[in-house]
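Before any comments, here is the structure.
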There are 2 protein chains.
Amino acid sequence: MADLGEASLAGRPVAQAAGAGSPVRIGDVARAAEVSTATVSRALRGLPHVASATRQRVLAVAAELDYRPNLPAARLAAGTTNTIAVAVPDPAAWFNATMVGALGREMTAAGYDLLLSGVANLDERQRFIELNGVRSGRSDAVVLIDVALDETAAEAFVAQGGRAVSVGFRTQALSSVTVDNVAVGSDATQILLRHGHRRIGLLSLDSGDSLNFSIPAHRAQGYEQAHAEARLTPDPALRVSTSNSWAEARRAAHVLLDTSERPSAIFAMCDEQAFGVMLAARDLDLCIGEDLSVVGVDDHDQSRLVGLTTVRQHVARQGAVAAELLLHMLGPSVEPPQHVQLDTELIIRDSVGPPGVD
Amino acid sequence: MADLGEASLAGRPVAQAAGAGSPVRIGDVARAAEVSTATVSRALRGLPHVASATRQRVLAVAAELDYRPNLPAARLAAGTTNTIAVAVPDPAAWFNATMVGALGREMTAAGYDLLLSGVANLDERQRFIELNGVRSGRSDAVVLIDVALDETAAEAFVAQGGRAVSVGFRTQALSSVTVDNVAVGSDATQILLRHGHRRIGLLSLDSGDSLNFSIPAHRAQGYEQAHAEARLTPDPALRVSTSNSWAEARRAAHVLLDTSERPSAIFAMCDEQAFGVMLAARDLDLCIGEDLSVVGVDDHDQSRLVGLTTVRQHVARQGAVAAELLLHMLGPSVEPPQHVQLDTELIIRDSVGPPGVD
DNA sequence: GGTGGTGCCGCAAACGGTTACAGACACGCG
DNA sequence: CGCGTGTCTGTAACCGTTTGCGGCACCACC
């Protein structure tokens with residue numbers, strides 16, 4: 001037995017008819033291939049110091065026996081998990097879902113698993129950080145999507161040996177990929193101003209339980225800045241904020257629109273909110289692009305369908321860059337954190353026009 | 001030292017200023033609490049056979065030392081991972097994303113982690129199944145969302161001790177949550193027939209790389225059936241199929257619409273496709289609900305905004321049920337697989353009207 | 001005072017791999 | 001022939017928990 005020739009010629013794995021009877025371990029493979037477990041381990045993982053003939057034999061035997069290494073054991077011994085943990089406020093939101101999709105594609109290709117956690121408030125964030133430190137060995141690294149850490153928390157995390165890249169916010173201690181949200185807010189507002197709008201509503205984002213202040217803050221800053229450049233002062237009464245659900249945004253839009261002094265345009269901080277605004281407008285029989293102009297942010301899949309003018313951020317590319325930073329960080333060389341800022345792009349559609357005659 | 005009184009009164013954990021210096025292990029806690037590691041293990045996990053005073057002491061010391069159990073070690077020893085692996089064809093697609101969100105919420109609450117894998121073709125499916133068998137100890141169970149297994153593959157999986165629940169398709173060996181897709185297709189078609197449509201296009205779904213035949217097949221069957229009940233025979237020429245992206249659906253819709261004999265209505269197998277149809281209609285200056293009627297399936301978040309008539313399936317509820325089945329299956333009692341079929345609901349909006357005069 | 005429980009707790013053997021270190025062997029060269 | 005060099009392989013010591021089993025103290029009850 002353990003005759004390699006026959007084994008490798010036998011065709012499909014013989015498996016064990018014994019059902020879940022006898023999980024085959026590395027020792028079984030070693031015995032069958034007449035080598036030590038050390039050699040099997042090396043051969044299977046493509047490490048050097050294995051003669052090519054031996055490697056072939058081990059591979060054949062392992063396939064024959066249908067051997068599957070036990071992951072927890074390997075992780076325990078090697079001290080590495082090949083897993084990265086991802087935190088998102090809401091896995092179902094469009095931006096997060098496509099981001100996770102892009103990230104997953106890249107990381108899977110590189111041999112990593114993706115552990116997904118919904119982190120919607122500060123308690124959960126705390127829990128996530130604690131649970132995913134190096135010490136617990138749950139993951140090799142962490143990516144925080146719109147789940148912000150303050151500077152000291154981030155430093156503490158890396159000081160303990162944690163590795164992380166952040167998406168959507170920037171911290172010195174962590175590698176990050178972001179966009180220029182001031183520019184986003186400014187671009188969105190400028191297009192409205194240029195069309196002649198003077199009363200521009202601002203639908204701000206209270207991101208989860210204040211997990212990421214910076215995005216809405218920066219976009220609002222852009223909004224202010226664009227006004228300032230036009231020597232205008234926005235009316236604070238035109239500012240409301242909601243979560244990123246269209247249902248809530250719709251209600252909030254009503255607050256803005258159901259008054260006599262209603263704005264002629266609304267800048268919504270994400271497309272999902274903008275959709276809510278459009279629904280509210282429909283409730284009031286206002287024609288988008290004529291009676292009410294709207295601009296959003298993201299370039300959501302459906303934005304094109306409804307003709308929404310928006311500031312596109314290339315989500316998939318952000319995901320790819322995040323993956324790249326991760327892989328780099330998981331490589332052998334230790335380097336300081338890198339910060340990548342990607343471009344955004346104003347996409348003009350039908351939802352913006354000159355102010356209607358009131 | 002190891003004086004509990006002081007330790008527990010000391011306030012915040014002293015941690016190790018040594019940075020990533022000395023990971024504290026269960027033995028350290030045991031020493032400090034003057035008990036054995038066995039007792040620490042039991043105390044920390046709330047198992048019985050620990051005196052309440054001892055438990056208190058251990059808990060205090062563990063908190064003081066900021067102890068974090070090493071997961072791979074615990075998993076190896078216990079043979080359980082508290083992780084469930086989820087396979088979806090495309091993590092970014094709306095249905096999948098909201099499903100994963102719902103599932104994650106439930107499972108996290110129950111103390112499980114979610115491992116997310118994009119499984120878009122048969123090779124990846126094969127890999128997923130192999131990698132997530134019990135033997136590898138990667139996950140305790142698997143949920144397959146529109147990633148179908150045939151009966152023999154499913155049986156082989158459970159025979160090896162694998163646990164799985166499937167969403168979107170049904171197999172004897174696996175617990176499943178589904179909807180009646182024949183009814184879905186029939187309902188969608190009937191509403192069109194009732195409005196007087198006689199040439200109804202069918203935009204079918206080639207799900208990934210034929211990972212789940214049954215959904216499009218059943219919906220098509222419902223389409224046929226509704227026609228049959230009305231003593232009609234659908235024109236095979238009115239049948240095309242694409243992936244679930246609106247861009248492809250748009251192109252496909254053009255194939256249907258750019259002819260002289262074009263249909264007066266289109267049944268799209270998911271809302272994302274229906275959006276593509278609506279875009280194509282816009283390209284041709286066809287007015288939805290008048291020149292062309294459209295009905296979709298899912299009740300996507302944006303369907304309301306664009307006034308799409310659709311057959312709603314309660315995604316979140318499906319996710320919750322799947323979680324329930326999972327938890328049940330992970331419980332102590334072994335029971336035969338359960339099959340849950342949930343209701344769907346026709347949601348009438350503006351995208352359906354009588355056929356336009358041609 | 002023996003006897004049978006009962007409730008806590010510790011010992012030490014798993015769990016299934018990885019890898020530092022050293023040994024074995026072949027080869028080439030002075 | 002002695003020796004260094006390089007390649008392959010095996011031995012055995014970990015990695016950090018969990019848990020079956022047995023011991024021990026204490027109590028109640030004959």
Side-chain angles (χ1 to χ4, degrees), chain A residues 2 4 20 22-59 61-62 65-83 131 133-138 140 161, chain B residues 20 22-59 61-62 65-83 131 133-138 140 161:
Chain A
L4 169 62
S22 59
V24 20
R25 290 154 309 176
I26 198 173
D28 301 328
V29 178
R31 213 171 351 270
E34 296 177 322
V35 293
S36 72
T37 62
T39 300
V40 174
S41 178
R42 285 189 281 252
L44 256 29
R45 292 180 307 145
L47 296 183
H49 304 296
V50 177
S52 143
T54 311
R55 185 186 306 275
Q56 302 288 331
R57 182 154 38 99
V58 169
L59 258 38
V61 170
L65 263 41
D66 194 24
Y67 168 67
R68 300 289 150 68
N70 179 289
L71 259 51
R75 301 207 222 270
L76 171 60
T80 195
T81 66
N82 272 33
T83 297
L131 254 47
V134 246
R135 320 232 307 281
S136 73
R138 180 196 302 262
D140 290 347
Chain B
S22 59
V24 19
R25 290 155 309 176
I26 199 173
D28 301 328
V29 178
R31 213 170 354 269
E34 296 176 322
V35 294
S36 72
T37 62
T39 300
V40 174
S41 177
R42 285 190 278 251
L44 255 30
R45 293 180 306 145
L47 298 182
H49 303 297
V50 177
S52 144
T54 311
R55 185 185 307 275
Q56 302 288 331
R57 183 152 39 99
V58 169
L59 257 39
V61 170
L65 262 42
D66 195 23
Y67 167 67
R68 299 290 150 70
N70 178 289
L71 259 50
R75 300 208 223 268
L76 171 59
T80 196
T81 65
N82 272 31
T83 297
L131 255 46
V134 245
R135 319 234 305 280
S136 73
R138 179 196 300 263
D140 290 346

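Because only heavy atoms are used, hydrogens play no part in the values below, and waters and symmetry mates are left out as well, while side chains stay in. Naming: A, B, ... by sequence-line order, numbering from 1 per chain.
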Mind checking salt bridge (charged side-chain N to carboxylate O under 4.0 Å, His left out) for B:Arg138 and listing every partner two or more places apart, or none if nothing turns up?
A:Asp113
Mind checking salt bridge (charged side-chain N to carboxylate O under 4.0 Å, His left out) for B:Arg68 and listing every partner two or more places apart, or none if nothing turns up?
B:Asp66
From the list B:Val29, B:Val50, B:Asp28, side-chain contact (heavy atoms from CB on, under 4.5 Å) with B:Val40 holds only for B:Val29
Taking atom [atom2] of [N] as reference, at what distance in whole Å does atom [atom1] of [X] sit?
{"X": "A:Leu44", "N": "D:dT9", "atom1": "CG", "atom2": "C1'", "value": "16 Å"}
{"X": "A:Arg55", "N": "D:dC8", "atom1": "CZ", "atom2": "P", "value": "9 Å"}
{"X": "B:Arg25", "N": "D:dC15", "atom1": "CZ", "atom2": "C1'", "value": "10 Å"}
{"X": "A:Arg138", "N": "D:dT17", "atom1": "CZ", "atom2": "C1'", "value": "15 Å"}
{"X": "B:Asn70", "N": "D:dC14", "atom1": "CG", "atom2": "P", "value": "17 Å"}
{"X": "A:Ile26", "N": "C:dT19", "atom1": "CD1", "atom2": "P", "value": "11 Å"}
{"X": "B:Leu47", "N": "D:dT17", "atom1": "CG", "atom2": "P", "value": "15 Å"}
{"X": "B:Asn82", "N": "D:dT17", "atom1": "CG", "atom2": "P", "value": "16 Å"}

Which nucleotide sits closest to the side chain of A:Ala78: C:dT18, D:dT19, D:dT17?
C:dT18
From the candidates D:dG10, C:dA12, C:dG17, the one with an atom nearest any side-chain atom of A:Ser36 is D:dG10
Closer than 4.0 Å, any side-chain N/O of [X] to the OP1 or OP2 of [N]?
{"X": "B:Arg135", "N": "C:dG16", "value": "no"}
{"X": "A:Ser41", "N": "C:dG17", "value": "no"}
{"X": "A:Thr39", "N": "D:dG10", "value": "yes"}
{"X": "B:Tyr67", "N": "D:dT17", "value": "yes"}
{"X": "A:Arg45", "N": "C:dG17", "value": "no"}

Examine distances only and state if a side-chain atom of A:Arg75 and a backbone atom of A:Thr81 form a donor-acceptor pair shorter than 3.5 Å.
yes
Without swapping roles, check the side chain of A:Thr37 against the backbone of A:Ala30 for a donor-acceptor pair under 3.5 Å.
no
Axis deviation across the helix from C:dG1-D:dC30 to C:dG30-D:dC1, five-pair ends, to the nearest 10°:
50°
Is atom CZ of B:Arg25 surrounded by more than 12 heavy atoms (other residues, nucleotides or ligands) closer than 6.0 Å?
no
With sequence neighbours excluded, what pairs up with A:Asn70 under the side-chain hydrogen bond (donor to acceptor under 3.5 Å, both in side chains) test?
none
Table of protein N/O atoms under 3.5 Å from nucleotides 4-8 of chain C N/O atoms:
none

For B:Leu59 and B:Ala43, which heavy atoms make the closest approach, and how far apart are they?
CD1-O, 4.1 Å
Please find the pair of heavy atoms, one from A:Pro72 and one from B:Ser136, that lie closest to each other, and give the distance.
CD-O, 3.6 Å
I need the B:Arg55 CZ to B:Thr39 OG1 distance, nearest 0.5 Å.
10.5 Å
If you measure from CG on B:Leu131 to CG on A:Leu71, what distance do you get to the nearest 0.5 Å?
7.5 Å
A:Ala73 or B:Thr37, whichever maps to the more 5' nucleotide of DNA chain C:
B:Thr37
Write out a two-atom table: protein N or O, nucleotide N or O from nucleotides 20-22 of chain D, distance below 3.5 Å.
none

Quick check: do B:Asp140 and B:Thr83 have side-chain heavy atoms less than 4.5 Å from each other?
no
